[in-house]
Amino acid sequence: MTTRRNFIRLSAFSAALLSVSKSFGKRNYEPGNAAAPIILSTWKWGLEANEEAWKIISRGGRALDAVEAGVRLTEGDLGNVSVGLGGNPDRDGHVTLDACIMDEKGNCGSVCFVEGIRYPTSLARAVMEKTPHIILVGEGAVQFAKENGFTQENNGLTPRANTAWKKWLKKSKYKPEVNPDSHDTIGMIAIDASGNLSGACTTSGLPFKMHGRVGDSPIIGAGLFVDNEVGAATATGNGEEVIRTCGSHTIVEMMRQGHSPEEACRIAIERISKSPKDIRQLQVGYLAVNKHGEFGAYSLQKGFNYAMNDDKGNRLLDSDFMFK
Ligand code: SD4
C-alpha cells in the first residue's frame, strides 16, 4: 500500500523527471496550460489528412470530429497502399481493413477484418456511439455497417493492388519489410481548442498477410491510446511487435510518469528491441503528444516521418530512430 510519505516522495520524483524531460516538439510549453490546437499524423500522407482535420479544429471543432475527417481523406484515396479499399490485399487477394477511434472521455470503437467498407474509421465511431461494445469484426461488423447506413462495395482490387498481388503470388513468401513505401497506415492524434484529445488509426494492414490476420491498428492500447489527462499515442509498422508490447498504452503511461513524448516513444521502441523475434528487418514508428502540446516520435529504423499541423502551419518531420 502506498503510504502518504511514499506518495509525496513519488510525486517529487515525478516532478523532478518532468522538469528534466526534453521535448522534440517545443511549442512554448508552459506547465499547467492546455495546448493550442495541434494535429499529428503518421507518414507523408498525413500532410493532406492534417489539412482536412485542421478545417474542423481551427474553427473550434472537436478533436474527435477532426481526426475522423482527417483519416477519412486517406481512407478514400485509392492510391494509398496501406489504407482503405485501394490498399494491398492479404495473401488470398482480399483487402481487409482495420480501424479504431478514441475520444477524450475514454470512449472508443474499433472494427477489424472488414471488407468493402470505404470509411472504416466512421464505422468504428458508429460502434463506439451506437453499441455497448468496443470491437466488431468481419461479417458481424459488415452486418452492423449495413444496418447503419454504410454500403459494402465490391469493386475488387485496384489495378495497382492487383499487379502487386500477382507479383507477390509468384513467390508467395510473406516477409514484413522495412521499406517505407509499404507502410502508409495513418494514425492521427489531435488536441482541440478546448484542450481535449482524440485519435484515430486506420489501415489495410501488412501486405499479403494471412487471411483473417488483425494487426495493432484497431487495438486500443496498441495502435492507438488516448488519455485526456496525459496525452495520446499512435503506431505504424509491424503490428505484431506493437501488440506484444501494448505500444501506445506504454507510451501514454511513460508520459504520465513525466517522460517527454519523444522519450516515451523511445522507451516503447526499446521494449520492442527485447522481442523474441528477429526485428532487424522490421519497422515500427511511434508518434505521441502530451496534454501540453509537446510532441515527439521514435522508430526502430530510419525513414519514419510524420506530419504536424498547428497554428504555424503544416509540415513533415523526420523521426529519430534506434538502428543507426
Ligand atoms: C499492421 N500496423 O497491420 C499495421 C501496418 C502498418 O503502415 O502500420 N502499415 O500491422
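The figures here come from the full heavy-atom set of this structure, side chains too, leaving out hydrogens, waters and symmetry mates. Remember, it's 1-based here, ligands and their atoms both numbered in the order they're listed. Note that the coordinates shown come from a computational prediction; the quantities given were computed from them, not determined experimentally.
Backbone and side-chain nitrogen or oxygen atoms of Thr236 are examined, and one is located within less than 3.5 angstrom of a nitrogen or oxygen of ligand 1. Geometrically, ligand 1 and Asp184 share a nitrogen or oxygen pair separated by less than 3.5 Å. Some N or O of Gly237 is nearer than 3.5 Å to an N or O of ligand 1, by distance alone. Looking at Asp216 next to ligand 1, an N or O pair under 3.5 Å apart turns up. The distance criterion of under 3.5 Å between nitrogen or oxygen atoms is met by Gly239 with respect to ligand 1. Among the atoms of Glu240, none of the N or O lies under 3.5 angstrom from an N or O of ligand 1. Checked against a 3.5 angstrom limit, the closest N/O atoms of Arg213 and ligand 1 fall inside it.
Every atom of ligand 1 with a heavy atom of Ser217 under 4.0 Å away is listed here by number and element: 2 (N), 4 (C). For ligand 1 and Gly205, the ligand atoms under 4.0 Å from any heavy atom of the residue are 3 (O).
Formation of a donor-acceptor pair under 3.5 Å by the Asp227 side chain with backbone atoms of Gly231 is not found in this model.
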Would Phe323 and Lys302 satisfy side-chain contact (heavy atoms from CB on, under 4.5 Å), going step by step from the backbone distance to the final call?
CA-CA 7 Å; Phe323 290 125; Lys302 191 171 185 218; over 6 Å; no
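The CG atom of Leu136 sits 8.0 Å away from atom OG of Ser110, with the distance rounded to the nearest 0.5 Å.
Ala307 approaches Leu316 most closely through the heavy-atom pair N-CD1, 4.1 Å.
Every residue two or more places apart in sequence or in another chain that forms a salt bridge (charged side-chain N to carboxylate O under 4.0 Å, His left out) with Glu153 is listed here: Arg118.
A side-chain donor from one of Lys209 and Thr96 sits under 3.5 Å from a side-chain acceptor of the other.
Not less than 6.0 angstrom separates the ring centroid of Trp168 from the ring centroid of Tyr174.
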